[in-house]
There are 2 protein chains.
Amino acid sequence: MTKTRLDAATVVNAAAELLNREGPEALTLGRLATMLGVQTPSLYNHVDGLSGLRRELARLNAQRLAEELTEAAIGKSGVEALTALAQAFRAYIKTNPGLYLANVRASASQPPVDERLQAAEERIVRIVTAVIESFGLKGDDALHAARAWRSAVHGFASLEVSGGFGLALDCDESFRRLLEVMIHGLQAASSKAENT
Amino acid sequence: MTKTRLDAATVVNAAAELLNREGPEALTLGRLATMLGVQTPSLYNHVDGLSGLRRELARLNAQRLAEELTEAAIGKSGVEALTALAQAFRAYIKTNPGLYLANVRASASQPPVDERLQAAEERIVRIVTAVIESFGLKGDDALHAARAWRSAVHGFASLEVSGGFGLALDCDESFRRLLEVMIHGLQAASSKAENT
DNA sequence: TGACAAAACGAATATGATTAGCTAAAATGC
DNA sequence: GCATTTTAGCTAATCATATTCGTTTTGTCA
């Protein structure tokens, strides 16, 4: 077991783990360096400071999520695909709460978005839209519906992991019902779109 | 116009404004002190450091939101109330993006929650639940439906202000359709609950 | 007016991010 | 295999920010 040298991926993965385990306050270059058995300035050989690290984390988050969603959707369509996608989405956020929530920020500020981040985000949109289309919606109807579906699932899981649901009411049951509501509503939207 | 002395409310309001205007990075005690024409340590007379300030901001956010929702729901019921509530919720987040998003964190960590924060959060849950009940749902059915509704609206507005909707597709129209989907789905859930 | 309490201040300290310059190890080219 | 070049890592120094302390100023009110 020889001590291998650090690389960017190792640094970013360790940062993601720290973020998930101890939350945003804990993500400090010092902590990260200790975790990796190295001095703080050495991290600058692999990431562009704290803000560069945050950019990498945003990319990692989008790529991991796209990965999970892709896998969940393979070989399914219609209601089955929509349900599988929703469950994968929620499971991802529960596994990566810190990483996921760290990337929900009031943005519209950094126009030069990372290329790989943008690619992964487009991939996510494409997967969701494709599944929605397998549901009978096309064009802008599908895009609006994809936004609705994503809002519901993202919103539920965000509130869940951030403790927004105070009450002692079963979250699994709530999620099941949310999906029922969305599927009913989308089916109605789908019928309506056909009569046009 | 004599120079009035500072108080806690002024400090917290200024912090909220800074957060909304320039985002979480910009919220620093130094910036805040400059903004208020005072030296940094003076702020400690009014708030308990940066983490105390963040607690106050969480409370302010919940109270402002509860306020807006209450006002929007007055004198309405059923679909009309649900729609008004959703629009008020979205409008609130668009007006207070920094303040709102700063309080979506992976928590479940600080058990000694501020009393006024908790009161305001309960108030929000009560308003939403009451409106859902005016829709024909009772007991746990109403609570699950309230979670669903809140997930959808919170999710939509969060994604909207954080730039999560990349495409150049009208957000107002997407929101209108999201509400249609939710209302359809909740009506279906309501009919189903009646046959029990 | 005089005493008390609250607010503000300057100075000092601690932590964390960042930069610079140096060294040693690893990769590369011959 | 050896010389050159690149790269990772280090120490030391600097900067920004949060926080504490003791003191001074400023309002309040008896």
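Sequence lines set the chain letters: A, B, ... in the order given, protein chains first and strands last, and positions in each chain run from 1.
At a non-hydrogen distance threshold of 4.0 Å, nothing from residues 12-19 of chain A comes into contact with DNA chain C.
With hydrogens and angles ignored, the 3.5 Å screen pairs no side-chain donor or acceptor of A:D48 with any backbone N or O of A:Y44.
For C:dA6, the OP1/OP2 oxygens have no side-chain nitrogen or oxygen of B:H46 closer than 4.0 Å. Within the 4.0 Å cut-off from OP1 or OP2 of C:dC9, at least one side-chain nitrogen or oxygen of B:S42 is found.
The ring-ring contact (aromatic ring centres under 6.0 Å, His included) test applied to A:F175 returns A:F156, not counting sequence neighbours. Listed by chain and number, the residues in a ring-ring contact (aromatic ring centres under 6.0 Å, His included) with B:H144 amount to none (sequence neighbours excluded). Remark: A:H184 pairs with B:A188 by the side-chain contact (heavy atoms from CB on, under 4.5 Å) rule, at least two apart or across chains.
To the nearest angstrom, P of D:dT20 lies 18 Å from CD of B:Q39. As a whole-Å value, the separation of B:L43 CG from D:dT20 P is 13 Å. The interatomic distance linking B:D7 (CG) with D:dT28 (C1') rounds to 16 Å, in whole Å.
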Yes or no on side-chain hydrogen bond (donor to acceptor under 3.5 Å, both in side chains) for A:R147 and B:S174, after CA distance, side-chain angles and deciding distance?
-> CA-CA 7 Å; A:R147 283 184 173 176; B:S174 291; 3.1 Å; yes
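With hydrogens and angles left out, the side-chain atoms of A:D7 and A:T10 include a donor and acceptor closer than 3.5 Å.
Residue pairs meeting the side chain to side chain donor-acceptor pair (under 3.5 Å) criterion with at least one member in residues 74-89 of chain B, sequence neighbours excluded, do not occur.
One cannot find a donor-acceptor pair under 3.5 Å joining the base of C:dA6 and the side-chain atoms of B:N45.
From B:S151, atom OG reaches atom CZ of A:F165 across 3.5 Å, with rounding to the nearest 0.5 Å.
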How would nucleotides 13-27 of chain C be written as a contact map, 5' to 3', with B for base contact, S for sugar-phosphate-only contact and - for no contact, using protein heavy atoms under 4.0 Å?
-> ---SSBB------S-
